[in-house]
Amino acid sequence: MKTRITELFGIRHPIIQGGMHYVGFAELAAAVSNAGGLGLITGLTQRTPELLAKEIARCREMTDQPFGVNLTFLPTLSSPPYPEYIAAIAEGGVRIVETAGRSPEAYMPALKKAGIKVIHKCTSVRHALKAEAIGCDAVSVDGFECGGHPGEDDLPNMILLPRAAEELKIPFVASGGMADARSLVAALALGAEGMNMGTRFVATQEAPIHQNVKDAIVAATELDTRLVMRGLRNTERVLTNASVEQLIQIEKEKGADLKFEDIIDQVAGVYPRVMLEGEMDAGAWSCGMVVGLINDIPTVQELIDRIMEEAEQLIVQRLAGFLEPALA
């Protein structure tokens, strides 16, 4: 399948693996890229730029296909050393970066100087337009269905994607609620040039995480995610568990007086315990509503091949079949 996204990144299929904390290691990124998509190493999971450089080198040993690095710009008092991370990415020969979180504007000159193509994750059209204006090559438009941070506008992709198509000149992919061929074909119909999948790639054989996490995703339904930290305007969609329900109770009791410190036990330092050790009640971890569409744990190759084969069938057979034959 050929779209502006496949052309931009030099990939065979318009499928991107989103950046995910303690999931986006070299093993998963390489598997996605080898299967024809775009795999991403999650930069800040690597605690130092030096460790990121080693992870990039590991990935380079596993694939000769294009892959990228996710770099999330965090609203923290003590920011990570972003210039050093960017240097490690550039020196590692990576030429694709997915940025997320705060605007990457301050770092765009360094990224562009290194010849890096930037796709920025946005939860609104206004942010996507800003990304276009500062020189991003593409954007990932993240709907309210997504795992992680959906922004504060609560717009689902059925509205957000066509609005983005009306406003943007640069290509964009759909993110949030993406799981299969139906997701891809719908995203293309709504104006996107591909899709970004996060939660779906967690439930694959190559995802280097604890089996408990994969099993929890397969067992969950679309009703099993929760929105937390809304009162702090840092909304996150997570999979429910005992810690999440405790967090929600604290939010209810504190109301407008809620502070981050009140819920720090439920949200800080959670990902290594969940993803690596399989402690499913350790705290709140990002997960999309798309869990309701995930029923197996295939290899990445099997997943992407299935998506592309079924997408072609949907387009050529089902959708084309709705058209009346031309009158003779």
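These numbers come from the heavy atoms of this one structure, side chains and all, not from hydrogens, waters or symmetry mates. Because the structure is predicted, anything quoted here is derived from the model rather than measured.
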Between E61 and R58, does any side-chain N to carboxylate O distance fall below 4.0 Å?
no
Checking R237 against D224 for the salt bridge (Lys or Arg N to Asp or Glu O under 4.0 Å) test, could you report, in this order, the C-alpha distance in whole Å, the side-chain angles of both residues, the deciding distance, and whether it holds?
CA-CA 10 Å; R237 187 179 297 282; D224 290 327; over 6 Å; no
N/O donor-acceptor pair under 3.5 Å between D137 side chain and I119 backbone:
no
Does the S33 side chain pair with the main chain of G39, one donor and one acceptor, at a distance under 3.5 Å?
yes
Once the angle between the rings of F25 and Y22 is folded into 0 to 90°, is it parallel (under 30°), tilted (30 to 60°) or perpendicular (over 60°)?
perpendicular
Do you see a donor-acceptor pair shorter than 3.5 Å between the side chains of Q249 and E245?
no
Sequence neighbours excluded, which residues qualify as salt bridge (Lys or Arg N to Asp or Glu O under 4.0 Å) partners of E206?
none
Ionic contact status for R163 with E166, cut-off 4.0 Å:
yes
Taking N157 for its side chain and E145 for its backbone only, find out whether a donor-acceptor pair lies under 3.5 Å.
no
Hey, is CD on E84 packed in by over 12 heavy atoms from elsewhere, all under 6.0 Å?
yes
Keeping the roles fixed (side chain from T42, backbone from N70), state whether a donor-acceptor pair exists under 3.5 Å.
no
If we only count heavy atoms from C-beta on, is the I16 to F9 side-chain gap below 4.5 Å?
yes
If you compare all heavy atoms of A220 against all heavy atoms of L239, which two are closest, and at what distance to 0.1 Å?
CB-CD1, 3.8 Å
Check whether any side-chain N or O of N241 sits under 3.5 Å from a backbone N or O of G283 as a donor-acceptor pair, and report yes or no.
yes
Honestly curious: do Y82 and I96 fall in one hydrophobic cluster under the side-chain, below-4.5 Å linking rule?
no
Let me check something: do M1 and I5 share a hydrophobic cluster, defined by ILVMFWY side-chain heavy atoms less than 4.5 Å apart, either directly or through other members?
no
For A26, does its backbone N or O pair with a side-chain atom of E55 as donor and acceptor, under 3.5 Å?
yes
Please enumerate all residues that pass side-chain hydrogen bond (donor to acceptor under 3.5 Å, both in side chains) together with E152, with sequence neighbours excluded.
T235
What are the two closest non-hydrogen atoms of K112 and K117, and how far apart are they?
NZ-CA, 4.4 Å
Looking only at the side chains, is there a donor atom on one of N196 and E98 sitting less than 3.5 Å from an acceptor on the other?
yes
